[in-house]
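Counting from 1, the numbers follow the sequence of the chain as shown.
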Amino acid sequence: KDNEIRKMAVNKGNFYNEDVLQKVAVEDRDDGVRIAAVNKINDESKLVEIAKNEENTKVRNVLLSKIVNPELLEEIALTSQTADIRLDLVKRLDNEDLLEKIALEDNDTVVRTEAIKKLDNEEILTKIAKTEADRLARQSAVKKLTSQKTLVAVALEDEDQHAINNPSLADEACFVEIAINTSFKETADEAIRHIENESSFIQILHNAKLEEVRKETLSHIDDIKVLIEIIKENEDVEFSLKALNKIDDEDILLKVYEANISEELSVRAVSKVKTQKPLIELIKNEPSWRIREAAVKNISNKKVLKEVA
């Protein structure tokens, strides 16, 4: 009832003292009374002073609807100590310079992020994508980038994968560059997910900074020359064995055996050979019992097996 009495007093036709109305708009405990006071204030400078610290959404909406000078609204957006007020104004304003300043300097993550969403300046977005400490704000900037060169640079510096998944990044060569140069395994894995050509995987195999990334490309490579190169030159026997597992050509398998790179490789190569003649010759002349054993397992001629026994 007291609220209604105060509201009636404010609404009286002869009550136009804006200093008093401003005091009521700031101090009254009832939203309806405060809104009534705001509705009777025409001095925009007074409305600005009230709006800077007004936390009540209903009162704030009335205040902002009465301020028509965009420069005054921008002043509130830059100087208000209340994040919700700044956020509200960022959603209403379209001044690119103001939004850039807020996106770069506001101390509230949510306010910065909202400003970032409204930016189109690639240079500013790039700066934010590379320097913004908050992950969500940074991601908002990355999502708006369109330059493939910039997206590659961001992907190489940031552990998040948002740059890789930006639709503007479409050239397979860009994904190859990321997979080769990144220091982050997860980033390389995400880049590889976008690659289809075997030649690209071979590039990564030869050049990737991370050894585990180089090794994982093997599952995408069937080029015999590359597989032979891995078998001959890689010091990691397990990796060489994986390459050897992808080869079924018996002439090549026998050449791997004859190259005598390692006993493990020779055993595996011989274990994949089914042609009887070279296996029989091998049993007669091979000094390694493990390699002979691998050959024996594939011999089907009972007479030969009896002789071996």
Side-chain angles (χ1 to χ4, degrees), residues 152 155-156 158-161 164-165 172-300 305 308:
V152 169
L156 290 173
D158 195 338
E159 204 165 351
D160 288 335
Q161 281 89 58
I164 296 175
N165 292 314
E172 185 166 297
C174 293
F175 295 114
V176 172
E177 183 180 348
I178 293 169
I180 287 174
N181 295 302
T182 184
S183 299
F184 308 112
K185 173 66 166 51
E186 294 78 8
T187 299
D189 289 343
E190 189 62 27
I192 286 172
R193 201 171 64 80
H194 294 268
I195 295 171
E196 295 181 355
N197 292 314
E198 185 178 27
S199 59
S200 296
F201 289 113
I202 292 171
Q203 275 186 264
I204 298 169
L205 171 72
H206 288 144
N207 301 298
K209 180 188 291 186
L210 299 176
E211 182 181 5
E212 54 192 323
V213 172
R214 294 198 300 273
K215 289 182 177 180
E216 285 183 9
T217 60
L218 182 59
S219 62
H220 302 279
I221 296 172
D222 295 307
D223 186 294
I224 293 297
K225 288 183 180 179
V226 175
L227 294 173
I228 292 171
E229 180 184 316
I230 293 171
I231 294 166
K232 287 183 177 179
E233 299 180 8
N234 200 284
E235 294 180 1
D236 186 333
V237 174
E238 283 301 314
F239 188 47
S240 295
L241 285 170
K242 287 179 181 178
L244 184 59
N245 285 340
K246 302 192 76 173
I247 298 175
D248 294 314
D249 186 306
E250 292 196 359
D251 288 337
I252 295 174
L253 290 168
L254 288 168
K255 285 179 181 177
V256 171
Y257 155 69
E258 291 164 2
N260 197 27
I261 301 166
S262 76
E263 188 176 52
E264 288 294 334
L265 285 168
S266 293
V267 169
R268 184 70 58 83
V270 169
S271 71
K272 298 187 72 176
V273 175
K274 305 299 180 186
T275 304
Q276 299 295 291
K277 185 177 179 180
L279 289 175
I280 294 170
E281 288 299 317
L282 188 154
I283 291 170
K284 292 177 181 178
N285 302 303
E286 174 55 51
S288 168
W289 69 267
R290 289 187 64 211
I291 298 173
R292 291 200 308 274
E293 182 181 51
V296 167
K297 287 179 179 178
N298 287 339
I299 289 179
S300 55
L305 287 173
V308 170

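Nearest approach of Glu216 to Lys185, heavy atoms of both residues: OE2-NZ, 2.8 Å. Across Ala179 and Thr182, no two heavy atoms sit closer than the pair O-CG2, 4.0 Å. Residues Ile252 and Ile228 approach most closely at CG2-CD1, 3.9 Å, considering heavy atoms. Shown here for Lys209 and Arg214, the closest heavy-atom pair between the two residues is O-NH1, 3.7 Å. Across Val176 and Ser200, no two heavy atoms sit closer than the pair CG2-CB, 3.5 Å. Here the closest non-hydrogen pair linking Ala269 and Leu244 is N-CD2, 3.6 Å.
When side chains are defined from C-beta on, Glu264 does not count as touching Glu238, because their heavy atoms never get closer than 4.5 Å. Annotation: side chain of Asp249 is not in contact with side chain of Ile224 (no heavy-atom distance under 4.5 Å). For the pair Ser300 and Gln276, the minimum side-chain heavy-atom distance is below 4.5 Å. No side-chain heavy atom of Thr217 sits under 4.5 Å from any side-chain heavy atom of Gln203. The closest side-chain heavy-atom distance from Cys174 to Glu177 is not below 4.5 Å.
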Check against side chain to side chain contact (heavy atoms under 4.5 Å, CB included), His220 and Ile195:
CA-CA 10 Å; His220 302 279; Ile195 295 171; over 6 Å; no

For the pair Val267 and Glu293, evaluate side chain to side chain contact (heavy atoms under 4.5 Å, CB included) and give the outcome as yes or no after the intermediate values.
CA-CA 9 Å; Val267 169; Glu293 182 181 51; over 6 Å; no

I'd like to know whether Asp251 forms a salt bridge (charged side-chain N to carboxylate O under 4.0 Å, His left out) with Lys255, so could you lay out the CA-CA distance, the side-chain angles of the two residues, the decisive distance to 0.1 Å, and finally the verdict.
CA-CA 6 Å; Asp251 288 337; Lys255 285 179 181 177; over 6 Å; no

Test side chain to side chain contact (heavy atoms under 4.5 Å, CB included) on Ile221 and Leu205 and set out the steps.
CA-CA 9 Å; Ile221 296 172; Leu205 171 72; 3.7 Å; yes

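Atoms CG and CG, from Asp189 and Leu210 in turn, are 9.5 Å apart once rounded to the nearest 0.5 Å. A distance of 10.5 Å separates CD1 of Ile204 from CG of Asn181, quoted to the nearest 0.5 Å. Annotation: the span from Asp160 atom CG to Phe184 atom CZ amounts to 9.5 Å, rounded to 0.5 Å. Taking NZ from Lys272 and CD from Glu250, the interatomic distance works out to 10.0 Å, rounded to the nearest 0.5 Å. Summarising the geometry, atom CD1 belonging to Ile230 is positioned 8.5 Å from atom NZ belonging to Lys246; distances are rounded to the nearest 0.5 Å. Interatomic distance, Glu263 CD to Tyr257 OH, rounded to the nearest 0.5 Å: 11.0 Å.
A donor-acceptor pair shorter than 3.5 Å can be found between the side chains of Lys274 and Asn298.
The pair Glu190-Arg193 counts as a salt bridge, with a side-chain nitrogen and a carboxylate oxygen less than 4.0 angstrom apart. Ion pairing of Lys215 with Glu211 is present here, as a side-chain N (NZ or NE/NH1/NH2) and a carboxylate O approach within less than 4.0 Å.
With Asn234 contributing its side chain and Asp236 its backbone, the two residues share a donor-acceptor pair below 3.5 Å. Within the 3.5 Å criterion, the main-chain N or O of Lys277 finds no donor-acceptor partner in the side chain of Thr275.
The 12-atom threshold is not exceeded at CD of Glu235, counting heavy atoms of other residues, nucleotides or ligands nearer than 6.0 Å.
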